[in-house]
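See below for the structure under consideration.
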Number of protein chains: 2
Amino acid sequence: MFKIYSKGCEHVLSALSTIPIKEYENNFLAQELCKKAGVSETSTRKGLQLLVHAGILDAVPGPGGGYKFTSHPDNISLLEIIQSVDGQDVFERCIMGLPNCNHHAPCPVHDTWKKVKSELIRELQQKSLGKIMQTAQRRKK
Amino acid sequence: MFKIYSKGCEHVLSALSTIPIKEYENNFLAQELCKKAGVSETSTRKGLQLLVHAGILDAVPGPGGGYKFTSHPDNISLLEIIQSVDGQDVFERCIMGLPNCNHHAPCPVHDTWKKVKSELIRELQQKSLGKIMQTAQRRKK
DNA sequence: TTAATTATGGACAATTATATCCACAATACA
DNA sequence: TGTATTGTGGATATAATTGTCCATAATTAA
């Protein structure tokens with residue numbers, strides 16, 4: 001079945017979208033976010049951990065800790081988030097699953113996918129987490 | 001994880017791609033195709049059945065039977081095949097999984113996805129099974 | 001009419017993706 | 001120092017997807 005990113009990535013986006021964009025500099029707690037977003041906490045934490053590994057978030061253990069952004073959400077692209085959670089090469093793999101699919105030995109849908117992929121990646125790169133958070137806030141009202 | 005269509009759909013494409021385009025009018029056997037393509041027969045049959053339901057293939061049981069195309073593969077689009085196997089609405093569902101995502105209450109990536117989707121669908125519509133079969137034949141050599 | 005061939009589709013099994021649990025590490029504060 | 005808080009990450013459990021099996025129906029030919 002068609003999908004752009006994993007459930008884990010979806011949860012992370014939902015969770016982060018509950019943060020008011022103006023409070024981007026504050027710490028936030030996984031528990032709190034997940035409760036607000038209505039997503040499984042333990043599962044979403046896995047995704048947040050991956051964002052820490054990727055350097056998008058800092059994790060601060062202990063009381064008063066939590067997570068915080070390492071830069072402004074406007075400077076974090078949706079593409080970065082997807083690649084951090086689902087793997088850097090998610091969009092590189094052959095969509096027919098052929099192990100040696102490339103320009104010289106393309107799979108039957110190689111060119112079709114190539115065209116669409118560049119458009120998709122451009123859009124995912126242009127879309128910032130900040131924008132996503134803003135849209136989510138508007139939607140809530 | 002990112003993917004455009006299911007494994008079942010992938011197998012069907014691989015299996016049908018083993019048919020030389022010039023022999024499109026002949027019957028073909030599931031067993032034979034799957035063996036050539038190196039895909040699981042029982043699993044691929046499920047996909048072929050769905051193509052029969054969709055009217056893309058005719059199923060002829062009994063000796064000398066098998067499947068046959070109801071029209072020239074050049075007139076069957078990749079989109080039709082995907083929708084027949086994975087469901088007519090695969091590309092309609094909200095990619096964030098929101099149940100009431102629409103133009104008036106868009107999910108945070110609604111507009112991004114809308115742009116890319118129309119491009120993707122156009123390409124999948126333009127790409128014919130016949131072309132895919134041809135590419136696969138070329139690749140084999 | 002019987003036997004052989006081929007597709008069908010429901011039931012079950014295996015695999016993969018998601019979700020949960022739990023012992024632990026790090027930090028803050030009393 | 002000790003206790004509470006918060007994130008970590010490996011192990012396990014559940015759910016979804018994919019793959020297999022098998023009894024059956026349809027057709028052909030002997």
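So that the names make sense, note that chain A is the first sequence line, chain B the second, and so on, each numbered from 1.
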B:F28: ring-ring contact (aromatic ring centres under 6.0 Å, His included) partners, not counting sequence neighbours:
B:F69
B:F2: partners by ring-ring contact (aromatic ring centres under 6.0 Å, His included), with sequence neighbours left out:
A:F91, A:W113
Applying side chain to side chain donor-acceptor pair (under 3.5 Å), which residue pairs with at least one partner in residues 121-130 of chain A are found, sequence neighbours left out?
A:E119-A:R122, A:E123-B:K115, A:K127-B:D111
Would you mind listing every salt bridge (charged side-chain N to carboxylate O under 4.0 Å, His left out) that reaches into residues 6-16 of chain B, with sequence neighbours excluded?
none
If the cut-off is 4.0 Å, is B:H53 near the phosphate of C:dT8, judged by side-chain N/O to OP1 or OP2?
no
Output the distance between atom CD1 (A:I81) and atom CG (A:L129), rounded to the nearest 0.5 Å.
4.0 Å
A:T42 near the nucleic acid: base, sugar-phosphate alone, or nothing, with a heavy-atom cut-off under 4.0 Å?
base
Close N or O pairs between protein and nucleotides 4-7 of chain C (under 3.5 Å):
unit_1 : atom_1 : unit_2 : atom_2 : d
C:dT6  : O4'    : B:G62  : O      : 3.3
C:dT6  : O2     : B:G62  : N      : 3.4
C:dA7  : OP2    : B:R45  : NH1    : 3.1
C:dA7  : OP2    : B:R45  : NH2    : 3.0

Quick one: which residue pairs count as a side chain to side chain donor-acceptor pair (under 3.5 Å) with a foot in residues 50-74 of chain A, not counting sequence neighbours?
none
Scan residues 100-110 of chain A for pairs that pass salt bridge (charged side-chain N to carboxylate O under 4.0 Å, His left out), counting only residues two or more places apart or in two chains.
none
Separation of C:dT8 P from B:L48 CG (nearest whole Å):
8 Å
Mind jotting down which residue pairs meet the salt bridge (charged side-chain N to carboxylate O under 4.0 Å, His left out) criterion with at least one end in residues 25-34 of chain A? Sequence neighbours excluded, please.
none
Please list, chain by chain and in numerical order, all residues satisfying side-chain contact (heavy atoms from CB on, under 4.5 Å) with A:C101, sequence neighbours excluded.
A:C94, A:L98, A:C107, A:H110
Walking along DNA chain D from 5' to 3', note the first and the last nucleotide with an atom under 4.0 Å from a heavy atom of chain A, and give both.
D:dA4 to D:dG10
Polar-atom pairs under 3.5 Å, protein N or O versus N or O of nucleotides 10-15 of chain C: list them with distances, or write none.
unit_1 : atom_1 : unit_2 : atom_2 : d
C:dG10 : O6     : B:K46  : NZ     : 2.5

B:E80: what forms a salt bridge (charged side-chain N to carboxylate O under 4.0 Å, His left out) with it, not counting sequence neighbours?
none
